[in-house]
2 protein chains.
Amino acid sequence: MRDANEFKKTKLDQLHALCRAKGLPLTVQRTVIMDALAARTDHPTADEIYEEVKPLLTGVSRTTVYRVLEAFVAHGLVQKIGSSAAKAHFDADVARHHHLECIRCGAISDIPHCEAYDIPLPSSEGNRHQVLDYAIHFRGVCARCRFAGQDPPEESA
Amino acid sequence: MRDANEFKKTKLDQLHALCRAKGLPLTVQRTVIMDALAARTDHPTADEIYEEVKPLLTGVSRTTVYRVLEAFVAHGLVQKIGSSAAKAHFDADVARHHHLECIRCGAISDIPHCEAYDIPLPSSEGNRHQVLDYAIHFRGVCARCRFAGQDPPEESA
DNA sequence: CGCATGCTTGGTACATTATTGCATTTGGTA
DNA sequence: TACCAAATGCAATAATGTACCAAGCATGCG
């Protein structure tokens with residue numbers, strides 16, 4: 001289990017370094033939004049982050065949250081995760097790791113790493129697409145939902 | 001490579017069987033939408049399907065396309081795929097298989113099956129989440145984009 | 001074959017999520 | 001402190017998805 005405070009500090013440092021390197025202003029908004037995102041182990045949507053930082057950044061606009069998160073993604077500080085619900089989720093952890101999407105509540109949680117998930121990347125040889133990275137998208141029932149109700153029906157292929 | 005016509009026929013038969021079994025009306029809309037989706041190897045959004053069936057189903061409403069696709073998903077005839085863009089993509093192939101999302105154009109394409117991608121499903125033992133299935137989400141450059149422009153920069157971990 | 005029934009459809013309105021344009025403010029630097 | 005570039009806030013707009021209800025159609029029965 002990674003240390004939450006250390007991780008957050010690392011991300012804030014990265015943000016700081018990035019702004020320095022590219023001559024971008026290190027605004028309060030960017031700091032607080034990164035802080036909020038890095039503190040979470042779930043993978044919030046832009047609006048969820050907005051709700052979270054609203055009390056901390058009085059008068060912050062939803063647009064800014066969307067824009068800042070997109071900027072983080074563009075600079076590789078944060079990754080955007082797709083889910084079957086039509087919303088973008090954000091993840092401050094850009095290292096290769098895998099996710100579980102709950103079929104009940106739609107929440108996305110991290111799956112602890114396991115060597116069995118290390119698969120070879122398809123090579124770019126030949127004349128096809130080029131693969132750069134991958135993430136495994138598990139589908140199932142999250143711990144919270146599993147113990148909140150009865151077990152789900154067996155998968156019927 | 002699966003035979004396109006045969007696959008389409010199978011899906012239409014499945015639709016037919018499902019409606020029979022559940023006493024649901026087999027409407028032209030459902031037939032044409034399934035036909036359109038099963039004919040495609042890419043993974044269109046609801047609106048893309050809507051554009052495609054509009055000429056075939058004069059007067060069809062966007063609502064119906066969304067509703068029918070959701071119904072297919074609910075009955076397990078079709079799966080919904082998430083992408084980092086905030087839109088739902090639909091796939092008539094519900095067997096376990098993997099996808100490539102193009103970082104240039106956002107298109108989602110199938111990745112041919114490979115045994116190396118067969119990973120063990122995390123067991124439900126212990127007191128955690130329960131995993132039912134998985135799909136590998138590859139990230140890279142699709143064949144079309146790769147040969148339309150210069151190669152992408154190397155991944156900087 | 002024609003009718004009754006229930007589910008589906010079309011259409012509008014609405015909700016949610018995300019993006020754009022522009023005036024103002026702020027962070028960074030000298 | 002003052003300047004400048006970039007970010008922010010705000011409002012409007014786009015894109016995507018959902019709810020509601022009257023009208024239509026598929027299915028099954030007489």
Side-chain angles (χ1 to χ4, degrees), chain A residues 12 15-34 36 43-75 77-78 80-90 106 108, chain B residues 12 15-34 36 43-75 77-78 80-90 106 108:
Chain A
L12 289 173
L15 172 61
H16 199 98
L18 177 84
C19 289
R20 279 236 168 262
K22 308 229 172 176
L24 303 174
L26 182 64
T27 62
V28 206
Q29 289 85 349
R30 283 175 178 163
T31 308
V32 172
I33 290 171
M34 177 57 88
H43 305 297
T45 64
D47 271 317
E48 285 167 351
I49 288 289
Y50 172 58
E51 291 304 324
E52 182 164 345
V53 299
K54 203 158 46 168
L56 308 173
L57 290 170
T58 317
V60 70
S61 99
R62 222 161 52 97
T63 305
T64 297
V65 176
Y66 276 83
R67 231 171 350 204
V68 166
L69 287 170
E70 282 302 331
F72 288 170
V73 171
H75 288 102
L77 276 179
V78 160
K80 213 178 188 178
I81 310 171
S83 72
S84 47
K87 316 185 219 188
H89 295 252
F90 295 86
I108 296 179
Chain B
L12 290 173
L15 173 60
H16 198 98
L18 177 84
C19 289
R20 280 235 170 266
K22 307 232 172 174
L24 303 175
L26 181 64
T27 63
V28 205
Q29 288 84 351
R30 283 174 179 163
T31 308
V32 172
I33 290 171
M34 178 57 87
H43 305 297
T45 63
D47 271 316
E48 285 166 352
I49 287 289
Y50 172 58
E51 291 303 324
E52 181 163 346
V53 300
K54 204 159 44 171
L56 308 173
L57 290 170
T58 317
V60 72
S61 102
R62 215 167 56 96
T63 305
T64 297
V65 175
Y66 275 81
R67 217 168 8 197
V68 166
L69 287 170
E70 281 301 333
F72 289 169
V73 171
H75 289 102
L77 239 49
V78 160
K80 213 178 188 176
I81 310 171
S83 73
S84 47
K87 317 184 216 190
H89 294 253
F90 294 87
I108 296 179

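Numbers restart at 1 for each chain; the letters A, B, ... are given by sequence-line order, proteins then strands. Values reported hereafter were calculated over all heavy atoms of this structure, with side chains retained and with hydrogens, waters and symmetry mates removed.
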Check every atom of [options] against the side chain of [X] and return the nucleotide holding the closest atom.
X	options	result
Val28(A)	dG27(C), dA11(D), dC7(C)	dG27(C)
Glu70(B)	dT18(D), dG28(D), dA18(C)	dT18(D)
Pro25(A)	dG11(C), dG21(C), dG27(C)	dG27(C)
Ser61(B)	dG17(D), dC10(D), dG11(C)	dG11(C)
Thr63(A)	dG10(C), dT29(C), dT20(C)	dT20(C)
Ala86(A)	dG17(D), dA7(D), dT20(C)	dG17(D)

Taking only side-chain N and O atoms of Gln29(A), does any of them lie within less than 4.0 angstrom of OP1 or OP2 on dG27(C)? no

Is the phosphate of dA18(C), meaning OP1 or OP2, less than 4.0 Å from a side-chain N or O of Tyr66(A)? yes

In whole Å, what is the span from the [atom1] atom of [X] to the [atom2] atom of [N]?
X	N	atom1	atom2	answer
Tyr50(A)	dT19(C)	OH	C1'	16 Å
Leu26(B)	dT9(C)	CG	C1'	15 Å
Leu56(A)	dT8(D)	CG	C1'	17 Å
Leu57(B)	dG11(C)	CG	C1'	16 Å
Lys22(B)	dG28(D)	NZ	P	16 Å
Ile33(B)	dT9(C)	CD1	C1'	10 Å
Arg30(A)	dA6(D)	CZ	C1'	8 Å
Lys87(A)	dT16(C)	NZ	P	10 Å

Using side-chain heavy atoms (C-beta onward) and a distance below 4.5 Å, is [X] in contact with [Y]?
X	Y	result
Leu18(A)	Phe72(A)	no
Phe90(A)	Ile81(A)	no
Leu24(A)	His75(A)	yes

Considering heavy-atom distances to DNA chain D, does Leu24(B) or His89(B) have its closest nucleotide positioned more toward the 5' end?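 Whichever sits nearer the 5' end wins; that is His89(B).
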
Need to verify one output field. Residue with the more 5' nearest nucleotide on DNA chain D, Cys19(B) or Ala46(B)?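 Checking each residue's closest nucleotide, the 5'-ward one belongs to Ala46(B).
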
Under 3.5 Å, is there an N or O donor on one side and an acceptor on the other linking the side chain of Thr64(B) and the base of dT8(C)?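 Not at all, since no donor on one side and acceptor on the other fall under 3.5 Å apart.
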
Is there a donor on the side chain of Arg67(B) or the base of dG17(D) sitting less than 3.5 Å from an acceptor on the other?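 No, the side chain and the base share no sub-3.5 Å donor-acceptor pair.
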
Any donor-acceptor N/O pair, Arg30(A) side chain to His16(A) backbone, under 3.5 Å: no

For the backbone of His89(A) and the side chain of His43(A), can you confirm whether one donor and one acceptor N or O come within less than 3.5 Å of each other?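 Answer holds: no.
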
Base, sugar-phosphate or nothing for [X]? Non-hydrogen atoms, less than 4.0 Å.
X	value
Thr27(B)	sugar-phosphate
Gly59(A)	sugar-phosphate
Arg62(A)	base
Ala71(A)	nothing

Is it true that Lys54(B) and Glu51(B) make a salt bridge, defined as a side-chain N closer than 4.0 Å to a carboxylate O? yes

